[in-house]
Amino acid sequence: MKTPTRSRFVGAAVLTILLAPVVPAIAAESPIDLSLRPVGSAGAFFDLNLRPGETRDLGVEIGNHGAADVTVRTGTADVYTIINGGFGARLRSDPGSGATTWLTYPTDVFTLAVGRTTVRPLSVTVADGAPPGQYISSVIAENDVPITGSGALQLDQVVRLAMTVRITVPGPLEPSLSIGAATHKIVTGVSVVSVAVANTGNQRLDPRVSFAVLDATGIQVGRTSFQMGAFYAHTDTFIEVPLTTVLMPGRYTVRLGLDDATAGARASNDVIPLVIAALSVPPAITGAAGPGLTGVNQGGSGGPQQGLLILVAGIAAGLVAALGFGLLFLALHRRRQRK
């Protein structure tokens, strides 16, 4: 699995709120500079092959490379698939489940001095009867006390590192994907269409996505295709695509295809229903579009909503023009009478 890298700490997914462009009072370079490194395993993260009931004793090295002592919180966290694919680690308040329960690495809070490192023991024991497949969890480290922001918009900052623990239980890999329902919402003045998807197999997938929205008459109003990020086994997420405007109320159909040619996993559904009720906000014409997304064209050559708007606009323009010509004619007529 590709793990995000940092200039000095390969293999750590750094989840940091970067606020400097928005809040000048917060420095662009965080004073927190921690590292996570696997001990007892080659590579930048843990990649283990274990049978049910088997145990591996390892260690996690945590380093402080910043300019001040740091109160560090470390523990384990479930890994999930973020929207449109990719690595996500649960927050400190979320309980562990699944493969995370195979890790013995209690939550701990301690002070780490500048320039110092410490090694914490990690033990991994696969549960008896665990079926074959690929499993994933993570070890996290973060500053326990948030960095306090200042200025008009005060936001606290936590620098969080997550190092993956990938466990393969030997046996056949059975890739599988499923597609669920579609939903609609309006975000920053544009429609965003989401479709629930699940990796129901026992291995990580990296599917290619094809996506389209059609109106009730079958006219395509938006489409895109893109490479989904890592889609971890036994997790679910959403394919989420912003359009270039707001979809009008009505019935639509979403077409979604997922294809991981390498793993041989495919799923598609060309008739996912999507019903949009009356809009709660006025439709905005501006907004960001997703990668490769075509512009929305709802009835461009005679759609009911757009045709009605054009008709009303035409009538209004005609009335304004007629009134103007009438006033001009009346003024000229009175001028001739005075002469």
Are [X] and [Y] close enough that a side-chain donor and a side-chain acceptor fall under 3.5 Å?
X      : Y      : value
Ser137 : Thr100 : yes
Ser123 : Asp57  : yes
Ser176 : Thr200 : yes

If you define the side chain from C-beta out and look only at heavy atoms, does anything of [X] sit under 4.5 Å from [Y]?
X      : Y      : result
Leu256 : Val209 : yes
Leu112 : Ile62  : yes
Ile167 : Val126 : yes
Lys185 : Glu240 : yes
Leu243 : Val190 : no
Val221 : Leu247 : yes
Asp260 : Leu258 : no

Self-check item: Shortest non-hydrogen contact between Phe231 and Ala198, atoms and distance
Solution: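 Nearest heavy atoms, Phe231 then Ala198: CZ-C, 3.4 Å.
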Quiz prompt | Least distance between heavy atoms, Pro132 atom then Gly171 atom | solution =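 Answer, listing the atom of Pro132 first, then Gly171: CB-CA, 3.5 Å.
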State whether [X] and [Y] are salt-bridged, where the test is any N-O pair (Lys NZ or Arg NE/NH1/NH2 against Asp/Glu carboxylate O) under 4.0 Å.
X      : Y      : value
Arg90  : Asp78  : no
Arg204 : Asp206 : yes
Asp144 : Arg92  : yes
Glu61  : Arg120 : no
Arg208 : Asp259 : no

Do side-chain atoms of [X] reach the backbone of [Y] as a donor and acceptor pair under 3.5 angstrom?
X      : Y      : result
Asn199 : Thr235 : no
Ser41  : Pro38  : no
Asn143 : Val72  : no
Thr71  : Thr111 : no
Asn202 : Pro172 : yes
Thr237 : Thr81  : yes

Quiz item: Looking at the rings of His234 and Tyr135, which for Trp means the six-membered one, are their centres under 6.0 Å apart?
Solution: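 Yes, close enough.
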Quick one: pull up [atom1] in [X] and [atom2] in [Y] and give me the separation to the nearest 0.5 Å.
X      : Y      : atom1 : atom2 : answer
Leu274 : Asp215 : CG    : CG    : 11.5 Å
His65  : Asp33  : NE2   : CG    : 6.5 Å
Thr74  : Met163 : OG1   : CE    : 8.5 Å
Leu161 : Glu142 : CG    : CD    : 9.5 Å
Phe87  : Ser138 : CZ    : OG    : 4.5 Å

Practice problem: Might you confirm whether atom OH of Tyr80 has over 12 heavy atoms from other residues, nucleotides or ligands at distances under 6.0 Å? | Solution: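 Check passes, neighbour count above 12.
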Quiz prompt | Hydrophobic cluster membership, Met248 vs Leu214, 4.5 Å side-chain cutoff | solution =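 Met248 does not cluster with Leu214.
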